[in-house]
Participant: 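This is the structure I have questions about; it appears just below.
First listed ligand is number 1; within each ligand, the first listed atom is number 1. Remember, predicted model here, so these are calculated numbers, not experimental data.
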Amino acid sequence: MEILGIDVGGTGIKGALVNIETGELTTEKHRIPTPKPATPEAVANTIQVLVNHFNWKGLVGCGFPTPLQHGKCLTGGNLHEDWQGIQVDTLFESKTGNDFSIVNDADAAGLAEINFGAGKNVKGTVIMITLGTGIGSGLFLDGKLLPNTEFGHVLHKNGEIFERYASDSARKRDDLSRKEWGKRLHKYFKHINLLVSPDLIIVGGGASKKFDKIEDQFDIDVDIVPAKAENEAGIIGAALAAKYQIK
Ligand code: BGC
């Protein structure tokens with residue numbers, strides 16, 4: 001069975017058809033730059049262009065980069081403040097005529113890793129952490145997702161959240177070497193380890209590339225591994241979330 005998977009990100013909106021039994025993309029990925037400003041209307045228009053590109057009539061699974069509850073955006077986060085309070089699935093459905101299932105982007109990436117990647121067949125507590133414009137989290141127990149966690153918003157110090165301190169955009173903003181970034185991530189993962197005592201931490205986004213240079217800085221008593229699906233995890237996981245009707 002195929003589902004159209006879409007990953008809405010801060011810089012690009014990407015989609016592909018996904019075979020949800022194998023987790024493979026059955027078409028080329030198509031990417032459209034995220035409109036600036038990324039208002040609900042502008043993003044909904046881009047979603048429509050993407051759905052038309054695939055000439056898709058059917059279910060769409062869509063990963064979304066903000067705090068969510070049952071498909072409703074709780075705050076606009078790194079996207080746009082006008083998203084707050086918007087029922088995202090209803091908006092995209094009315095724009096395209098397709099059924100939409102909305103899932104947090106890090107939950108989506110985690111679903112892909114749990115089913116087909118670094119978290120496959122891992123028992124116990126697994127946490128996926130994505131490091132991009134923001135920091136996202138997906139928390140799993142024996143392969144089952146507890147949706148909508150926001151561990152990027154854990155406080156670092158002086159009211160500053162860890163996302164501001166250790167995301168990939170913080171690395172770029174502060175022009176950090178891999179070693180310096182690794183030190184910040186060490187602090188973050190140490191704190192995460194204290195909060196949830198996971199059996200495995202899977203790291204996605206910018207840090208999953210050149211991971212060896214970063215992991216030298218980690219001295220924490222938990223397995224920390226890079227994601228396998230990298231850029232495609234968001235698309236694959238969004239399609240899976242639609243299959244499982246995760247909200
Ligand atoms: C948002 C999360 C999202 C993460 C990655 C954070 O700013 O609060 O919901 O998963 O960015 O996009």
Participant: Verify whether one side chain among Asn148 and Glu150 offers a donor that lies under 3.5 Å from an acceptor in the other.
Facilitator: no
Participant: Please check: side-chain N/O of Asp105 versus main-chain N/O of Gly63, any donor-acceptor pairing under 3.5 Å?
Facilitator: no
Participant: Under a heavy-atom criterion of less than 4.0 Å, does Pro67 contact ligand 1?
Facilitator: yes
Participant: Checking contacts here: is it the side chain or the backbone of Ile135 that comes within 4.0 Å of ligand 1, counting heavy atoms only? Could be both or neither.
Facilitator: backbone
Participant: Using distance alone, determine whether Glu150 and ligand 1 share an N or O pair under 3.5 Å.
Facilitator: yes
Participant: Which of the listed options, Ile161, Leu131, Asp105, holds the heavy atom that is closest to atom 3 (C) of ligand 1?
Facilitator: Asp105
Participant: Tell me, with the steps shown, if Leu155 and Ile161 meet side-chain contact (heavy atoms from CB on, under 4.5 Å).
Facilitator: CA-CA 4 Å; Leu155 288 183; Ile161 57 175; 3.9 Å; yes
Participant: Does Asn78 approach ligand 1 within less than 4.0 angstrom via side chain, backbone, both or neither, non-hydrogen atoms only?
Facilitator: side chain
Participant: Would you check if the side chain of Thr66 reaches a backbone N or O of Gly77 as a donor-acceptor pair within less than 3.5 Å?
Facilitator: no
Participant: At less than 4.0 angstrom from any non-hydrogen atom of Thr66, what atoms of ligand 1 do you find?
Facilitator: 9 (O)
Participant: Looking at Arg184 and Arg171, would you say the former's side chain and the latter's main chain have a donor-acceptor pair under 3.5 Å?
Facilitator: no
Participant: Just which atoms of ligand 1 are under 4.0 Å from any heavy atom in Glu163?
Facilitator: 6 (C), 7 (O), 11 (O)
Participant: Number the atoms of ligand 1 from 1 as they appear, then name those within less than 4.0 Å of a heavy atom of Asn104, with their elements.
Facilitator: 2 (C), 3 (C), 9 (O), 10 (O)
Participant: With sequence neighbours excluded, what pairs up with Arg178 under the salt bridge (charged side-chain N to carboxylate O under 4.0 Å, His left out) test?
Facilitator: none
Participant: Short N/O distance, under 3.5 Å, between Thr130 and ligand 1?
Facilitator: no
Participant: Which atoms of ligand 1 sit under 4.0 Å from any heavy atom of Gly134?
Facilitator: 11 (O)
Participant: Without placing hydrogens or testing angles, list every side-chain donor-acceptor pair under 3.5 Å for residues 33-42, not counting sequence neighbours.
Facilitator:
unit_1	atom_1	unit_2	atom_2	d
Thr34	OG1	Gly9	O	2.8
Thr34	OG1	Thr11	O	3.3
Thr34	OG1	Gly12	N	2.9
Lys36	NZ	Gly10	O	3.1
Thr39	OG1	Ala42	N	3.3
Glu41	OE2	Lys95	NZ	3.3

